[in-house]
There are 2 protein chains.
Amino acid sequence: MRLSKKERQKKLIRELEADPFLTDEQMAKLCNVSIQTIRLDRMELGIPELRERIKHMAEKNFDQVRSLSPQEVIGEVIDLQLDKSGVSILEIRKEHVFERNGIARGHYLFAQANSLAIGLVDAEIALTAAAEIRFVRPVRLGEKCMAYAKVVEVQSSRTKVEVQTKVNNEVVFYGLFEVYRTEEDQLAKEER
Amino acid sequence: MRLSKKERQKKLIRELEADPFLTDEQMAKLCNVSIQTIRLDRMELGIPELRERIKHMAEKNFDQVRSLSPQEVIGEVIDLQLDKSGVSILEIRKEHVFERNGIARGHYLFAQANSLAIGLVDAEIALTAAAEIRFVRPVRLGEKCMAYAKVVEVQSSRTKVEVQTKVNNEVVFYGLFEVYRTEEDQLAKEER
DNA sequence: CCACATTCTAATACCAAGTACTAATAGCAG
DNA sequence: CTGCTATTAGTACTTGGTATTAGAATGTGG
């Protein structure tokens, strides 16, 4: 049986979320309707064509900060001065929170801060060695977490980074990270 | 003056690195040659067409987004005695490591330990309040992390949980978590 | 049951950014 | 002049669409 228009459009949205690389033809087969119907649906729903969707995704990726591969950062880095300071934003979405109470799981806040701290360090390889953290108040669904990081100490092979995460200027998380760093040749040496 | 073939090809590579969204036509204008010449160059250099390049970037991006939301618990809990102790396993897969060096990102180890610590606490709601952690040695792709947690102290509204994560019986991570707990009615009261 | 609306399908012309291929031209080297 | 490389030109075809028009199928109210 064929779905109603509304249901089909809902289905379309779901399918595209799961796989945004679907062509109209593939979607038509999935829904058992003609290609034209799918195009009309896309119009109504304001969904751009395959190539535009792909381009968008690619651009989002490309716009990010150069020096560190952006896939390795949780949260969007909006400012970064290597070995000095940085800022990143993470919007708390439903995949970040406990279903029960809508409070963000601590490890996402940690991940944001940790990624930023590591991204700050100007070295071939940077790894967290230790950290001391405090979750000052629970963060809830929909809140935007701004993490401010600054380097507070540089030693021979360690950098200390302090991160404060705020929601509406209110501190929600605090962390002191000790980041271990190496240049590639040095690591190669160690590997032997 | 027009560049030599070699120089033009070098230039092409540079330009595409700076802006991978260039069409053949735009590149032709940049180099002051015909579109066909650019296509021949791309052939020789093994550079795919614009759409393929964009698609590649988008796919890379998409895979990350996916791996970034390991929904529920991180690591599989294999033993749990509420308010006493627990064990969980996490196998380090490629979505957990830095592409560059195959070392696990700290926040995954943290997430495993944090989730276990919270799971241990027998309360309606349990949230991490603070933690002190040490990454003892880097963990690599393919290694199985066994996290052992035990409650070390119970106060009126706080529980302290110690977590040790081992790979082949060798400690790789240590964490002391302070978990804040509440019963639902209590939290409701606070909300007011 | 008819009339009309909604929904769907079909068909056509067109576009961007290509691939794949053939052929022609320019410039220079031996 | 012949041969070779580099370059340009042109044609047919491809994908994944847009935009538009027309017609068919289905449902709904009066």
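Order of the sequence lines sets the chain letters (A, B, ...), proteins ahead of strands, with each chain counted from 1. Only this structure's heavy atoms are used, side chains among them; waters, hydrogens and symmetry mates stay out.
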Verify the contact: side-chain N or O of B/S34 to OP1 or OP2 of D/dT8, cut-off strictly under 4.0 Å; return yes or no. yes
Looking at A/E143 and A/R137, is any side-chain nitrogen of the basic one under 4.0 Å from a carboxylate oxygen of the acidic one? yes
Salt-bridge test for A/K5 and A/E44: reply yes if a basic N is under 4.0 Å from a carboxylate O, no otherwise. yes
Indicate, with a heavy-atom threshold strictly under 4.0 Å, whether A/L40 touches base, sugar-phosphate, or nothing. base
Rounded distance in Å - [atom1] ([X]) to [atom2] ([N]):
| X | N | atom1 | atom2 | answer |
| --- | --- | --- | --- | --- |
| B/M43 | D/dT5 | CE | C1' | 18 Å |
| A/I47 | D/dG17 | CD1 | C1' | 15 Å |
| A/D41 | D/dT18 | CG | C1' | 16 Å |
| A/Q26 | D/dT15 | CD | P | 13 Å |
| A/I38 | D/dT18 | CD1 | C1' | 16 Å |
| B/E52 | D/dG16 | CD | C1' | 13 Å |
| A/E44 | C/dC8 | CD | C1' | 12 Å |

Is the positively charged end of B/K160 above the ring of B/F177, judged by distance under 6.0 angstrom from the centroid and angle within 45° of the axis? no
Distance (rounded to the nearest 0.5 Å) between B/E132 CD and A/L176 CG: 10.5 Å
Starting at CD1 of B/I103, measure out to OG1 of A/T128 and round the result to the nearest 0.5 Å. 11.0 Å
Looking at B/Y108 versus B/F173, is the centre-to-centre ring distance below 6.0 Å? no
Protein-proximity profile, nucleotides 11-18 of chain C, B/S/- by nucleotide at the 4.0 Å heavy-atom cutoff, equals B----BBB
Sorted by number, the residues of residues 5-12 of chain B with heavy-atom contact under 4.0 Å to DNA chain C: none
State, to 0.1 Å, how close A/L30 and A/L22 come at their nearest heavy-atom pair, and which atoms those are. CD1-CD1, 4.1 Å
For B/F135 and B/I133, work out which heavy atoms get closest and say how close. CE1-CD1, 3.8 Å
Is atom CZ of A/R134 surrounded by more than 12 heavy atoms (other residues, nucleotides or ligands) closer than 6.0 Å? no
